[in-house]
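Have a look at the structure below before the remarks.
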Amino acid sequence: MDISFDAIPLAHYLLLSATLFVIGVMGVLMRRNAIVVFMSIEIMLNAVNISLISFDRYLNQHDGQIFSFMVMCVAAAEVSVGLAIIIALFRNKPTVNLDEFNIMKS
Amino acid sequence: MEPIPAPSIDLVSLAPVLVLTVFGIMVLVTDLFIGKNKSALVFISLTGLLMAAISSLAKYDLPVYSFNGAYIVDHLSVFFTFIFCISSALAILVSIDFNQREGIKVGEYYSLILFCTVGMVLLASSTDMIMIFLGIEIVSICLYVLAGIRRNDPKSNEAALKYFLLGAFATGFLLYGMALIYGTTGSTKLTIIAEMIREGSVRSEPLMLMGVVLLIIGFGFKVASVPFHMWAPDVYQGAPTPVTAFMAVGPKAATLAAFFRVFAETMPEISPSWGILLYILSVLSMFIGNLGAIMQTNIKRLLAFSSVAHVGYLLIAIIAKNSLGSASLMFYMLAYAFMIFGAFGIVILIGRKGDENLEIENYSGLAYKHPILALSMTIFLLSLGGLPPLAGFVAKFYIFSAALKEGFVVLVILAVLNSAISFYYYLKVVVYMYMKEPIKEFNITLSPMTLFVVAIALFGTLHLGIFPGPIIALAQY
């Protein structure tokens, strides 16, 4: 099996990345479950990673790969903090429905 | 494959970051070994901030690029490092009595503030998109935790969750913008991107323009400009008051510094495309911020909306994109740090355990009981509104003159109009303090550290207003 990267043009990768990104954005805007919203944000970040890697390969560089590693690191850190926040919240109010968090109002 | 060349490592230019990191870790470790009395931690944190400020002066012959052009020590970054150190120090001082009152565990609190300052310094000094991203994330992640540090308080939790979800959402946009710009220019370094734009080949690339729009959305969320401001009032209200003051100043200043670097310094040639977007963002922020603030009854929400409006004024400095713009941005943020910490210092003094006494009506009759507090609060609020001869007036004056120099007359007129609107709600608080009867007994403990911060803020607000010369000379240097 010898499938070279060049067989598939850059535009296809970018399209895949854009589609995933839009799916992520839609998930954040439309879903009400905190965990699912959280997951959608991860989809957005990984969509960006696809873009970065394909640009990187297309430009024949290293910067994009390094960038995507940084994105993964940061995403991992964010996951740990985010889940901690959700757990702290769940202890006070056993729900993950975002619509029920509305103590503060103008 | 050829080997990757190792970048030149210049730790001296990174000195403030290293100092703050070391002191942040020191606070965490010391916390384990000392007993009940945690005042040593305050001392360590403040020493760290002082040393970081001093070490930022280690380089002269500015600007100095290091780490292969990813990090810069220039006038903007040094001045902002000072603003960050001052605002973090004020945040720590103002937290001491508050943390005791609310029972907040202090070890991680102080170290998080220091780590957050690390991120801010990185953000103001980066000239590489990877570094800017890391800086923003270091700042944001620390702030998510700080906003939710009162673990048992549902309000604090809710603030943290909202901040976290919207912050991470914004990060997605920011990153996608960076990826697209990287794809079109072939580099993450701002200097190379600037060069490519100057040459002109990438100027009209659709991916580039999409990248710019996404970057504006990402930065817009992080600085809370309209229409990306909806998290700000809730987060400002729910977070512990010193944290609210802290995030209204330091992180906002850092993000605006990066904003300025990425747009005004890197892509002035394509300013028609991003300029118009920022123009809209700025006008919307001013109007919705000020009109939103009029309707608030909670003092923290009022200040949150007012900070949205202030972001509108600050964006004018980026739109102006000249050297006066960067100088006025620096001066404004310094003045803003004093005004905000002063106002929030008073809010902390008036507040009671468990977020009580945060309504504007709780301020009724303050002038009869505590005339000096009421007078200071009046000065801070009028300075936020921009009344001469206070710091806020001079700061606004410089931003507006930077914009006028570039011919943005309509924008300046709208901004001045907005300053006038803002007096309505600032004066509303003043009227409550001076002209209404107290609704209940004030039960204020005049905690010395918070009073000290108010005194510093008062001095700063008056000094920058009456003798702005030396600081402006420094900012324009």
Find the distance between [atom1] ([X]) and [atom2] ([Y]) and round it off to the nearest 0.5 Å.
| X | Y | atom1 | atom2 | value |
| --- | --- | --- | --- | --- |
| B:Lys155 | A:Asn92 | NZ | CG | 13.5 Å |
| B:Lys189 | A:Asp63 | NZ | CG | 5.5 Å |
| B:Thr188 | A:Gln61 | OG1 | CD | 8.0 Å |
| B:Glu158 | A:Asn102 | CD | CG | 6.5 Å |
| B:Tyr182 | A:Phe55 | OH | CZ | 9.0 Å |

Give the minimum heavy-atom separation between [X] and [Y], together with the two atoms involved.
| X | Y | value |
| --- | --- | --- |
| A:Leu59 | B:Gly183 | CD1-O, 4.1 Å |
| B:Phe169 | A:Ile41 | N-CD1, 3.9 Å |
| B:Ile130 | A:Met70 | CG2-CG, 3.7 Å |
| B:Gly172 | A:Val48 | O-CG2, 4.0 Å |
| B:Asn157 | A:Ile85 | O-CG2, 4.3 Å |

Contacting region of [X] [heavy-atom separation from chain A under 4.5 Å]:
| X | answer |
| --- | --- |
| B:Asp128 | neither |
| B:Phe133 | side chain |
| B:Leu165 | both |

Describe, in one word, how the ring planes of A:Phe38 and B:Phe164 are oriented to each other, choosing from parallel (under 30°), tilted (30 to 60°) and perpendicular (over 60°). perpendicular

Is the number of heavy atoms from other residues, nucleotides or ligands within 6.0 Å of [atom1] ([X]) greater than 12?
| X | atom1 | result |
| --- | --- | --- |
| B:Lys105 | NZ | no |
| A:Arg91 | CZ | no |
| A:Met26 | CE | no |

Would you call B:Leu207 and A:Leu14 a side-chain contact if the rule is heavy atoms closer than 4.5 Å? yes

Under the side-chain hydrogen bond (donor to acceptor under 3.5 Å, both in side chains) test, which residues partner B:Thr241, sequence neighbours left out? B:Lys300

Considering only heavy atoms and a distance below 4.5 Å, find which of A:Ser17, A:Gly24, A:Ala75 pairs most often with chain B. A:Ser17

Output the option from A:Asn49, A:Val25, A:Ile66 having the highest count of non-hydrogen pairs under 4.5 Å with chain B. A:Val25

One option among B:Gly186, B:Ser187, B:Ala159, B:Gly238 has the most heavy-atom pairs under 4.5 Å with chain A, and it is B:Gly186

Select, from B:Leu175, B:Ile138, B:Asp153, the one with the greatest count of heavy-atom pairs under 4.5 Å involving chain A. B:Leu175

Relative to chain B, which segment of [X] carries a heavy atom at a distance below 4.5 Å: side chain, backbone, both, or neither?
| X | result |
| --- | --- |
| A:Ala47 | neither |
| A:Phe67 | both |
| A:Leu29 | side chain |

Sort out for me which residue in A:Val37, A:Val96, A:Leu98 forms a side chain to side chain contact (heavy atoms under 4.5 Å, CB included) with B:Leu161. A:Leu98

Does anything in residues 206-222 of chain B form a side chain to side chain donor-acceptor pair (under 3.5 Å)? List the pairs, not counting sequence neighbours. B:Ser140-B:Lys222, B:Thr171-B:Lys222

